[in-house]
Amino acid sequence: MTETRRDFLRLAAWGLLAAGAVGAGAAAVNLLRSTAPPERFLERWKGDVPVRDADGHLVLTSTKLSLPEVDSKAPLGGATGLIFLWRNDRGEVLPGIVVRDSGGERRATSIRCTHLSCTVGWRDSDGKWACPCHNGVYSGVDGRVEEGPPPKPLQQFSLREDDQGLAVLELR
Amino acid sequence: MAADVRGWILGLPGWLEHRLGLRPLLRELRETNVPAHLQNPVYYLGALALAAFLTLVVTGVLLALHYVPSAEHAWDSVQYLTYQVPLGGFVRNTHRWASSLLVIAIVLHMLRVVIGGAYKKPREGTWLVGVLLLIAMATAAFTGSLLPWSQRGFYGAGVGAGFVGSAGNLPVIGPIAEALRVGLLGGPEVGPWTLSRFYTLHVVLLPLLIGGLIALHVFLVKQHDRRTLKPVLRPRKPSRRDLKPLWPTHLVEVLAMMLAFVALIALLGAAVDPTRPFEPGLSDNDAALLDQPADPFRTPGEIRPEWYFMGLDQLLKLVPPWAALTVVSLLLFGLVALPFVDRGEDPHPRKRLPFVAAAGLVLVAWVVLTVMGVMG
């Protein structure tokens with residue numbers, strides 16, 4: 001009879017330990033998996049005026065994005081224009097820039113290199129976006145990859161004015 | 001009075017022995033002899049790596065007393081400790097030089113082990129712990145470079161995480177790689193949340209892990225008695241110092257070499273800027289730009305990682321990221337599998353030419369890629 005009690009207690013003890021380990025493990029995995037940055041960190045990136053794209057997604061801006069002033073002075077590796085932030089469908093908040101091209105048209109493009117996440121700079125000499133990290137080169141007109149390892153073109157945006165006179169950026 | 005003091009001093013060893021009980025161990029060490037072929041300095045490289053690691057720990061603790069791990073203040077705190085704290089710049093430079101010399105010591109140590117076939121039975125465990133140490137040290141170096149929140153560290157972290165996650169489109173490895181990338185960064189991209197992760201890894205988790213692995217590694221080395229390693233290198237001319245007792249002669253020699261290595265690191269830390277010798281193609285101006293505060297909207301035109309990651313960065317310029325990831329994964333797999341694939345009894349390099357040649361090829365490729373990147 002004592003053997004049976006001892007066996008049962010041994011089984012119960014191991015079972016309890018196993019259940020505890022599984023529970024602790026699940027809690028730990030849950031902790032490690034929560035990586036979405038709290039919105040308050042993104043406060044620092046938020047500008048004065050909220051801008052929405054055509055789907056109503058908030059486009060975070062670093063400065064006021066009103067059309068008459070859309071070519072204000074945020075110089076980026078040779079290009080002068082308005083820096084904005086946009087959130088892609090992986091949840092990354094990426095920088096973009098609105099510039100006036102030589103024809104006076106406004107162009108909005110992502111400036112995050114599609115290779116390994118550096119920020120591209122503008123090359124005045126040939127009018128192209130060039131990434132200093134691994135020498136990727138994109139067309140200055142439509143963001144197509146022209147040289148180097150980047151796998152995808154730079155995301156382009158179109159601009160339109162909404163009824164409040166605010167610029168709305170849409171993925172092209 | 002003098003006799004009392006003398007008596008007290010003479011009684012000290014007995015007092016200690018009573019409490020520590022080390023005499024049997026010391027006797028064993030004294031009676032163990034180190035043969036001539038193991039007195040070659042190449043067998044001291046592991047100890048030199050340990051010396052560099054200990055230097056990193058000591059200088060690291062001193063840095064951590066002043067460093068603030070927040071994106072708002074990290075750069076300022078590093079400027080403060082470099083330029084305002086007495087000897088702060090020296091401690092910081094020594095920390096960076098120690099990491100460079102640690103990489104060199106580890107590579108040479110691994111080379112000696114591979115050429116000498118010292119990973120063969122029964123030392124497979126020692127080798128595997130060594131591979132884990134390599135990975136842990138590389139991760140520590142990687143996470144450390146983000147901490148100053150400089151341009152160099154910020155984009156280095158982004159590229160490194162992008163590299164880890166670059167298998168994102170592949171079937172099975174893809175989700176794991178993406179989860180690893182996001183887990184490493186603490187979010188979808190590099191930001192203040194990443195600093196918390198890297199700081200904890202670099203200052204708490206990795207030093208503890210590395211310390212434990214080193215203890216295990218040294219224990220295993222002792223367990224498998226180095227005297228059974230067959231001679232590979234030709235012994236020096238026989239002399240009366242052929243057989244040295246392990247304690248005190250040999251170990252004190254090793255200790256002296258370790259101290260000399262630390263002195264070298266400290267000398268370099270006092271006299272030479274830790275990055276400039278490894279960036280010959282970079283002008284002083286461009287180098288200064290790399291140490292500016294991190295700016296997510298502007299990547300410096302001459303961005304580059306630390307020299308020991310330069311080979312990988314160069315590879316990333318030449319092949320798609322998933323190919324580079326595959327190469328690195330295969331290399332790691334090869335390292336782990338090595339003792340189980342190279343099964344011959346004889347450890348002499350001439351009898352193991354394919355393996356020695358493969359190791360040599362990998363080393364040459366790494367050196368070539370690194371030099372290509374460093375020369376810019």
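Excluded from the calculations below are hydrogen atoms, water molecules and symmetry mates; all remaining heavy atoms, backbone and side chain alike, are included. In what follows, chains carry the letters A, B, and so on, assigned in the order in which the sequence lines appear, proteins first and then strands, with residues in each chain numbered from 1.
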Exercise for the section: Indicate the atoms forming the closest heavy-atom contact of B/Gly301 with A/Pro132, along with that distance. Expected result: O-CB, 3.3 Å
Handout entry: Interchain contact, B/Asp295 with chain A, by part (heavy-atom threshold 4.5 Å)
Key = neither
Practice task
Starting at CD of B/Glu302, measure out to SG of A/Cys133 and round the result to the nearest 0.5 Å.
Solution key: 11.0 Å
Fill in the blank from the handout: Rounded to the nearest 0.5 Å, the CG atom of B/Leu318 sits from the NE2 atom of A/His134 at a distance of 10.0 Å
Completion exercise
Here the pair of heavy atoms bringing A/Cys118 nearest to B/Val159 is SG-CG2, 3.7 Å
Problem - Over 12 foreign heavy atoms within 6.0 Å of CH2, B/Trp322 - result: no
Handout entry: Exercise: identify the closest heavy-atom pair between A/Arg112 and B/Pro296
Key = NH2-O, 4.1 Å
Practice task
For each of B/Ile303, B/Leu185, B/Thr194, tally heavy-atom pairs with chain A at distances under 4.5 Å, and name the one with the top tally.
Solution key: B/Ile303
Exercise for the section: Against chain A, label B/Pro305 side chain, backbone, both or neither, depending on which of its atoms sit under 4.5 Å from a heavy atom there. Expected result: neither
Handout entry: Heavy-atom closest contact (A/Leu116 atom, B/Phe163 atom, distance)
Key = CD2-N, 3.4 Å
